[in-house]
Amino acid sequence: MEYQCKIMIDEKLEPITNIFLNHDLMLKWEHGLKRYEKVSDNPLIYHLIFESDDKEFVMKETIKENNLPKSATVIYEVPGVYNKCVNTFKEVNERVEWTMDVTFKFEQDPFQTKDDFICKTQSGMQLFKNFIENQQY
């Protein structure tokens, strides 16, 4: 499954891309994220530990390419699901256009529709946008 999401952020490029891969700040805006653990430096791998319904689950995050402030490619994995996100940032009229090209691979057919995944991605991008625009960092 592949799709693309875009969002405009009312902020300059530098603060956005300085914060984008900052895991300490991610704890403040990513819903359900309780903690993270650095696993490896090369490649840069983290375990993101989320809590949902009083249960914890671990998502492996691999920062495949960090070409910020222009782009970053991040891979997220949980058992049975591979998710690659190619994030690009471009200044447009003193705002930043954030584009995310998303690829999912599943071992089994997902129960959700493509539209469900698009909505979830867009809502996550909105959380980050709100965090940046409200200068909660």
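When a residue number appears, it is its place in the shown sequence, counting from 1.
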Tell me, yes or no, whether the heavy-atom count around N93 atom CG, taken from other residues, nucleotides or ligands under 6.0 Å, exceeds 12.
no
Report, as yes or no, whether the 6.0 Å neighbourhood of atom CD on E14 holds more than 12 heavy atoms from other residues, nucleotides or ligands.
no
Carboxylate-amine/guanidinium proximity below 4.0 Å for R35 and E56:
yes
Co-members of the apolar cluster containing F111 [side chain, <4.5 Å]
none
Apart from V92 itself, residues in the same hydrophobic cluster as defined by side-chain heavy atoms under 4.5 Å
M8
Kindly compute the distance separating [atom1] ([X]) from [atom2] ([Y]), expressed to the nearest 0.5 Å.
X	Y	atom1	atom2	result
K38	E61	NZ	CD	11.5 Å
R95	I9	CZ	CD1	9.5 Å
H23	L33	NE2	CG	8.0 Å
F131	I16	CZ	CD1	12.0 Å
M100	C5	CE	SG	7.0 Å

Donor-acceptor contact present, side-chain [X] to main-chain [Y], <3.5 Å:
X	Y	result
N87	A72	yes
K84	D101	no
D53	K55	no
N22	I19	no

Is the distance from the ring center of [X] to that of [Y] below 6.0 Å?
X	Y	result
H47	Y36	no
Y76	F57	no
F104	F117	yes
F20	F128	yes

The criterion is side chain to side chain contact (heavy atoms under 4.5 Å, CB included); which residues satisfy it with K120, sequence neighbours excluded?
S123
Could you pull out all residues at least two apart from K64 that satisfy side chain to side chain contact (heavy atoms under 4.5 Å, CB included)?
T73, I75
In chain order, what residues pass the salt bridge (charged side-chain N to carboxylate O under 4.0 Å, His left out) check against E65, with sequence neighbours excluded?
none
Residue set satisfying salt bridge (charged side-chain N to carboxylate O under 4.0 Å, His left out) with K90, at least two apart, ordered chain then number -> E97
Without hydrogens or angle criteria, can the side chains of Y3 and T121 be said to hold a donor-acceptor pair below 3.5 Å?
yes
Closest heavy-atom pair, V58 versus V78, reported as atoms and distance to 0.1 Å, is O-CG1, 3.8 Å
